[in-house]
K.L.:
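Below is a structure I'd like to ask you about.
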2 protein chains.
Amino acid sequence: MTPHTPVGRPLRPQGKLLQEDARRHHRSLLLQQLFRDGPASRADLARASGLTRVTVSDLVGEMVAEGLVTELGAPEVTRVGKPPMLVGLAADSHHIIGLDLSETDRMSGAVVNLAGTVLARHEVHVDGAEGERAVELVLRLAADLLAMTDRPVLGIGVGSPGVVDTSGTVIDAPNLAWSDTPLAARLAAALHLPVFVANDANTAVLGEHTFGESGDGGLMVLRVGTGVGAGFVLGGSLLHGHLGAAGEIGHVVVDPEGERCACSRTGCLETVLAAPRLRRTVAAPGVDAPAALADVGRRLGEVLAPIVAALNLHEIVLSGPAELLDGPLLDATDRTIRERTMPISSTGLAVRTSKLGEDVVVVGAAVLVLAGELGVS
Amino acid sequence: MTPHTPVGRPLRPQGKLLQEDARRHHRSLLLQQLFRDGPASRADLARASGLTRVTVSDLVGEMVAEGLVTELGAPEVTRVGKPPMLVGLAADSHHIIGLDLSETDRMSGAVVNLAGTVLARHEVHVDGAEGERAVELVLRLAADLLAMTDRPVLGIGVGSPGVVDTSGTVIDAPNLAWSDTPLAARLAAALHLPVFVANDANTAVLGEHTFGESGDGGLMVLRVGTGVGAGFVLGGSLLHGHLGAAGEIGHVVVDPEGERCACSRTGCLETVLAAPRLRRTVAAPGVDAPAALADVGRRLGEVLAPIVAALNLHEIVLSGPAELLDGPLLDATDRTIRERTMPISSTGLAVRTSKLGEDVVVVGAAVLVLAGELGVS
DNA sequence: GCGATAAGTAAGTGCGGTGAACTAACTAAT
DNA sequence: ATTAGTTAGTTCACCGCACTTACTTATCGC
């Protein structure tokens, strides 16, 4: 067997590893299998994981006791030997609270089950709340959602605008006037649950990675809304970046002779691609809307081409108003990327719009919890 | 303690974890400590790693027996209590063979010790060798270098041009006429040693990551030679990309009205930035060389800006002919990146040239072995 | 019915860590 | 010189986890 370069695995060891960690890891391994490929017998799980049937039985027993996994009876098809007992993830044994704070006028959230299905929604109006008042609004939204489920709650995931560090502190979010606001800590202290906070584009890419039809290569999700932001899953891990600001491409300059942007720069990507701006563009009298959208798509392609080549991405998913993104814009983006990169970079690439709609962020926030608590995604 | 989003850690569990793995992991943890911060006592190692003194003593004893680590006596400074016995990595207990196949006319290699010091060099001329003959040339180079050390050899690391997959198979390297050439397997079979092969820009970024003065944030190394390529260390891991082609940015179009490129496209980055091309540019009669270099730098900045914003990089290192890269070109690149990205992306960023010179690739190839065999970098 | 085959369980083993208690070697104060 | 206190490193008993071995259970094909 030839040694091979580590993939996804960090180059350096991270910390000490207890037996307890190994057990949790193996639990995750089994859960992941059930999560992705559905019910299986203990023997199936043993074969898939490489663990022995004994160990698998032990772990499964533990998870059945917790209610996370349930026995489902034998499969219809009948073969030689003792018929297996299928076990499967009990999707509604626990619920997750997912919050989406990315919209300007409201904060929305949902109760989500372990299969990523949205079971209930709730929202609060922001009404200009800022700073501490905005934090309290989030607390109330989360508490309201908690009251809407009678199942044990695995945790709370939050997709927040702005730059968020790995401890769940919002470093900077102008719209809500947050800076160095320890949102995860505040929620955890108030609600006594595990809390995970990430940038909304980052939760979106997690949602797409887990519940979209994406493969295992590099994935980029570009969110087009009031602003423009992106999230990346590379080598099986969410990319944070040096200061947690990975994906902040809304203010990359695409046209030095373009419009003045609120950020004081000129011709930022947002000045052509933000949703309100796109709507104005296509509604302008005497404008060939498809051509205008294609023009925006071309500019987007120019920004994405270097990224595609650098990262050798597998998929780019556009998330936002489909009526604007899907069509000439997407086509022009795709075409421009291919025109501007080598076949080796672009042949393995698919560019498409998201099928998850507006739920990507809340569902992705739930994935944050799933990954953090169960090691599943 | 608040849960936090995993960094560098993959979202999903990868495979089963044996106790043996835990022990190797802990060994790496100690080696890493000694590697980075130099000699320490067993008690120091215990404090730094979180392992108990008992475990550390056990592991250190094992490594001392193997010769990897040696006792160095007590430190000069005298404090209360029993004086500690310092232990340190025995840099010359094992050697590593590093190969650099990226130059067009020759293949070069070196014997490197565990501290990354080049102890001996050797090279062979390619003389147009291709395909199988080129493979044999690599075998001979490696064998020659093996004969130059009397220490046990930890492994062989290779920086190859072209696209290399994680198993060390060269998917495509036009210059050497390799396609799907299992280089790592061939070397391993012939020399009975662990072999690691990666793209030369990828080994370069590893070299810079480990032996350059770079921090722990995202690092990009841009190699400017006959061609242009890049490598990335993100979140503590080497980035491979979907098909192993991450970093292949030499043929990103920077100027649709530019020169025709060998790749049949027009205005690729290589048509302005490749070293031979740069030399011609500055030597052209009647040309303002600094201005011309600045112009190239600006174009490079335009390609890098989206990448910087997307990845929130910490450092960009240019590796290649310093007389061309350092100065107007670098300055213009830096300036353009800052003009075209938000402060949040660019303030944490440093753009500089490499101090490791032409050895980056061989030393980086050695890092490939260090990381693979000892879990150290 | 009976052997073959597969699923799942019970008991015992070994490995790799831990904590507690120990020895060794030194400094500092009396 | 004696005593107390501190730090390094080791010995030993124990524990958690996954493994192997050996079994029971349950079905199929004959």
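In this text the structure is predicted, and so the values were computed from the model without any measurement. Just so it is clear: chains get the letters A, B, ... in the order the sequence lines come, proteins before strands, and each one is counted from 1.
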K.L.:
Starting from C1' on C/dG17, measure out to CD on B/Glu20 and report it in whole angstrom.
P.N.:
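Roughly 15 Å, once rounded to whole Å.
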K.L.:
Once you round it to whole Å, what is the distance between P of D/dC12 and CZ of B/Arg53?
P.N.:
17 Å
K.L.:
Let's test your reading of the model: under 3.5 Å, does the base of C/dG16 pair with the side chain of A/Gln19 as donor and acceptor?
P.N.:
yes
K.L.:
Check the distance between C/dA11's C1' and A/Asp58's CG and give it to me in whole angstrom.
P.N.:
13 Å
K.L.:
Specify the separation, in whole Å, of atom CZ of B/Arg24 and atom C1' of C/dG17.
P.N.:
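Result: 16 Å.
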K.L.:
Atom CG of B/Asp44 to atom P of D/dT6: distance rounded to whole Å?
P.N.:
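After rounding, the gap between these two atoms is 19 Å.
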K.L.:
Tell whether A/Arg42 reaches the base of C/dG8 with its side chain through a donor-acceptor pair below 3.5 angstrom.
P.N.:
no
K.L.:
Starting at CZ of A/Arg27 and ending at C1' of D/dA18, how long is that distance when rounded to a whole Å?
P.N.:
16 Å
K.L.:
Separation of A/Leu86 atom CG from D/dA26 atom C1', in whole Å?
P.N.:
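Going from A/Leu86 (CG) to D/dA26 (C1'), I get 15 Å.
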K.L.:
Between CG of A/Asn113 and CG of A/Asp92, what distance do you get to the nearest 0.5 Å?
P.N.:
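Going from CG on A/Asn113 over to CG on A/Asp92, the span is 4.5 Å.
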K.L.:
Mind checking if B/Val56 touches a base, just sugar-phosphate, or nothing, with heavy atoms under 4.0 Å?
P.N.:
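Contact class for B/Val56: none.
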K.L.:
Of the options C/dT9, C/dG8, C/dG16, whose atoms approach the side-chain atoms of B/Arg23 most closely?
P.N.:
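Taking heavy atoms from C-beta onward, the closest nucleotide is C/dG16.
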K.L.:
Starting the side chain at C-beta, find the nucleotide from D/dT6, C/dA20, C/dA11 nearest to A/Val54.
P.N.:
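Of D/dT6, C/dA20, C/dA11, C/dA11 is nearest to the side chain of A/Val54.
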K.L.:
Taking CG from B/Leu45 and P from D/dT7, how many angstroms apart are they, rounded to a whole number?
P.N.:
17 Å
K.L.:
Does A/Arg47 or B/Leu51 map to a spot on DNA chain C nearer the 5' end, using the closest nucleotide for each?
P.N.:
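Looking at the nearest nucleotide for each, A/Arg47 comes out on the 5' side.
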K.L.:
Does some side-chain heavy atom of A/Val367 sit less than 4.5 Å from a side-chain heavy atom of A/His209?
P.N.:
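A/His209 vs A/Val367: side chains apart.
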K.L.:
Among D/dT10, D/dC19, D/dA26, which nucleotide has an atom closest to any side-chain atom of A/Thr55?
P.N.:
D/dC19
K.L.:
Consider the side chain of B/His26, meaning its heavy atoms from C-beta on, and name the nucleotide among C/dG17, C/dG8, D/dA18 that approaches it most closely.
P.N.:
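Looking only at heavy atoms from C-beta outward on B/His26, the closest nucleotide is C/dG17.
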K.L.:
Give the ring-plane orientation class for A/His314 versus B/His242, where under 30° counts as parallel, over 60° as perpendicular and anything between as tilted.
P.N.:
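Ring orientation of A/His314 relative to B/His242: tilted.
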K.L.:
Distance check: side-chain N/O of A/Thr52 vs OP1/OP2 of D/dA18, anything under 4.0 Å?
P.N.:
no
K.L.:
Please name the residue in the list A/Val369, A/Leu154, A/Val111 that meets the side chain to side chain contact (heavy atoms under 4.5 Å, CB included) test with A/His95.
P.N.:
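Filter result, single survivor: A/Val111.
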K.L.:
Any side-chain donor paired with an acceptor under 3.5 Å for B/Asp58 and B/Thr55?
P.N.:
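Absent: no donor and acceptor within the cut-off.
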